[in-house]
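Sequence positions, counted from 1, serve as the residue numbers for this chain.
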Amino acid sequence: MTDLKQGLRVAIVGLGPRGLGALEALIPRARAAGGRLQVDAFDTVDHPGAGPNFSPDQTDCCLLNTPARALDIAPDPLLGKGVPVFDAPDTDANDADHFPTRAALGSYLADRLSQVRALNSDVLSLNIRKRTVSDVEQRADGLWLETDGAWIGPYADVLLTLGQPQTRPDDQLADWIDHVAAGHGALRPAYPDRALLEAAQGWARQTVAIRGLGLSTMDVLRVLTTGLGGEFTASGYRRSGREPARILPFSLNGQPPAPKPETQAVDQLFDLSDRELASIIDALCSAMQQGPDAALMTFCAGLAPPVVRILDEVGSPATAADVDRWLTTERTDPGGQATLPPLQTLRHTIAMAEGRSPADVGFTVGQVMRKLENAIRKAFNPETVPPQTAKALVGFNEGLSRYSYGPPLRSARELLMLVEADVVSFVEAGDPDIEMVDDGWVLRDGTEQRKATVMVDAVLSPPDLDRVTEPLFEALNRKGWITPVAEGLGAQTAADGGLIAARRQGVTNLCLLGRMALGSVIAVDSIHDCFGAATHRWAVGVMQRHATGGGQAPQGLGNNPPE
């Protein structure tokens, strides 16, 4: 066992929100065990604690997809009374339905890290190293990390919290990269948004295509409109003359995501009773022990009754048979129920989010899944689920993110105004044929075609270990310390985040939390998950490995964290 009074040396690779959450979970446990922590955190970002996704340097064009009233990430009181609670400066105290900017949350998280560090100096010595880790090595005295050609260590425990490591582009994107490298057109990623905004200064009167029609696209649209001086008014969108002449977003199904309910009153229409929630989770627990097809059927059978009940209460004409048909299609052909043109879909989902129209089956299923998110994580994440069953359940949940992870209603209304102002076109939105030409791309859909000189990639790379090119992950793969749950998914991890492949070789103190463990865990793309129970299970595991009785938490430890 480690002498905790001399200091437990831990490395956290990636100090964004999840790394911050893990650090916060470990501090009270070390204090309760009478020990000290020597933590080296490795991250190249300018604002530790925030990470790139919530960088305070972002423009105000990037919004959270969670309203202020639902941001339940209060720090544990045991960290000290001076650790701040989120209170975004862009949020009206009387507007609980406001969606803050990503930058506002990032500023808060960076400040929260500073306060946690200052208030816990008696137990924590934190050294933030602005370096990239490229390898891990086990030696007799612990784990060592390679960074910038040097080895640093030893560490008693190492935690990896890299949310979006470098990934090999898919075939389509790879072709486009070569196309642009040969001098044809311009290709830009959606983020960082300030770099996109700078590039867009010269795109006036050009046609810009956007690959993707999800949350990132909403950010891109604001960058290309209000970021360039345009204005959304009560009567519609007012051009500045600096924005592109036309913007062409597209995706495989061409459907815009459904916005979140506008107010808490509308949102509460989709609340579940305790009995309904328990019944659905019972169905999930049964499903987790079955094969993939049976698992989805079992879970949907548990999901259907409350959906039917809610539809009846909101005045929808949909029947139980309609719900069963919709869920059957979702299991076999996700999104195949979408038969309306995208503009009609957009108007319909706006009306449902406003409460003007009764919710339909898809909107209701999506909101129920959002309400279930924490309970689903609690049931799924600590367990070992058969790989193909895990892939099926994760895929079902990810597919429904078009409803459950929807944008603010404001974003949907702005998109509608842009279509009505003929700035955005949905004509080529649904999986168009795309031809590379001398000065860009031609998008074709039937008899319609348009040429774009600029392409913006707004598709987030999946957490697929087979496509990851991050040197650290490649090194772990060479050692056989990391293996995917199934094809297309993230790493096999234990309940405390331990890399299972590494543990089979006796490396018990190398852990991974977050998006790159998708398949071992579910519903990871949430700020709440960064401060949830997974970080506390990791912290308990660290103390159990290095201190007698260290896993025993004092009364109230963890502030009853969500899963």
Side-chain angles (χ1 to χ4, degrees), residues 1-14 18-41 76 78-79 116 120 122-126 136 138-145 153-161 377-385 476 481-482 491-514 517 520-521 529-563:
M1 292 294 177
T2 302
D3 184 354
L4 292 183
K5 292 183 179 179
Q6 294 298 314
L8 177 67
R9 195 175 186 199
V10 175
I12 298 177
V13 183
R18 202 176 302 273
L20 171 58
L23 183 65
E24 290 184 359
L26 189 57
I27 289 170
R29 288 177 168 84
R31 178 178 285 114
R36 287 186 53 83
L37 296 171
Q38 298 178 19
V39 178
D40 283 355
D76 193 307
L78 292 176
L79 292 168
V116 166
N120 293 277
D122 61 316
V123 67
L124 172 67
S125 174
L126 175 62
V136 184
Q138 186 179 35
R139 301 179 185 175
D141 55 355
L143 290 175
W144 288 69
L145 303 180
Y155 296 103
D157 248 81
V158 171
L159 174 65
L160 312 179
T161 58
R377 281 198 291 258
K378 185 175 182 180
F380 186 99
N381 288 1
E383 303 300 325
T384 300
V385 182
L476 292 173
W481 288 3
I482 190 168
Q492 294 181 29
T493 59
D496 68 348
L499 285 170
I500 288 176
R503 288 187 172 178
R504 291 185 183 127
Q505 301 184 43
V507 185
T508 61
N509 48 359
L510 179 61
C511 299
L512 180 150
L513 294 178
S520 293
V521 294
D529 188 50
C530 297
F531 296 94
T535 59
H536 291 265
R537 283 194 295 270
W538 168 76
V540 168
V542 170
M543 301 308 294
Q544 287 176 333
R545 286 190 287 276
H546 301 292
T548 303
Q552 299 299 316
Q555 186 68 29
L557 187 59
N559 196 26
N560 191 27
E563 181 63 39

Of the non-hydrogen atoms in [X] and [Y], which two are nearest, and what is the gap between them?
X      : Y      : value
Val136 : Leu145 : CG2-CD2, 3.7 Å
Gln492 : Ser520 : CA-OG, 3.3 Å
Ala379 : Glu383 : O-CG, 3.2 Å
Leu159 : Ala22  : CD2-CB, 3.4 Å

Heavy-atom check, side chain of [X] versus side chain of [Y], under 4.5 Å:
X      : Y      : answer
Arg139 : Pro154 : no
Cys530 : Leu20  : no
Val10  : Tyr155 : no
His536 : Glu24  : no
Val13  : Thr161 : no
Val542 : Trp538 : yes
Thr493 : Leu499 : yes
Leu23  : Leu126 : yes

Given Leu510, which partner from the list Asp157, Ile482, Leu143 fulfils the side chain to side chain contact (heavy atoms under 4.5 Å, CB included) test?
Leu143

Looking at Ala495, is its backbone amide N or carbonyl O close enough to the side chain of Arg537 to form a donor-acceptor pair, meaning the two atoms are under 3.5 Å apart?
yes

Side chain His546, main chain Ala156, donor-acceptor under 3.5 Å:
yes

Which residues pass the side-chain hydrogen bond (donor to acceptor under 3.5 Å, both in side chains) test with Asn509, not counting sequence neighbours?
none

Can you list the residues that meet the side chain to side chain contact (heavy atoms under 4.5 Å, CB included) rule with [X], with sequence neighbours excluded?
X      : value
Ala501 : Thr483
Ala30  : Leu37, Val123
Asp496 : Ala494, Arg503, Arg545
Val521 : Asn381, Ala517, Val524

Name all residues meeting the salt bridge (charged side-chain N to carboxylate O under 4.0 Å, His left out) criterion together with Asp141; count only those two or more places apart in sequence or in a different chain, and write none if there are none.
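Partners of Asp141 under the salt bridge (charged side-chain N to carboxylate O under 4.0 Å, His left out) test: none.
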
Regarding Arg18 and Asp529, does a basic nitrogen lie under 4.0 Å from an acidic carboxylate oxygen?
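A salt bridge links Arg18 with Asp529.
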
Check this for me, if you would: do Arg9 and Asp40 make a salt bridge, where the nitrogen-to-carboxylate-oxygen distance has to be below 4.0 angstrom?
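Looking at Arg9 and Asp40, the cut-off is met.
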
Intermediate values then yes/no, side chain to side chain contact (heavy atoms under 4.5 Å, CB included), Leu124 and Leu26:
CA-CA 10 Å; Leu124 172 67; Leu26 189 57; over 6 Å; no

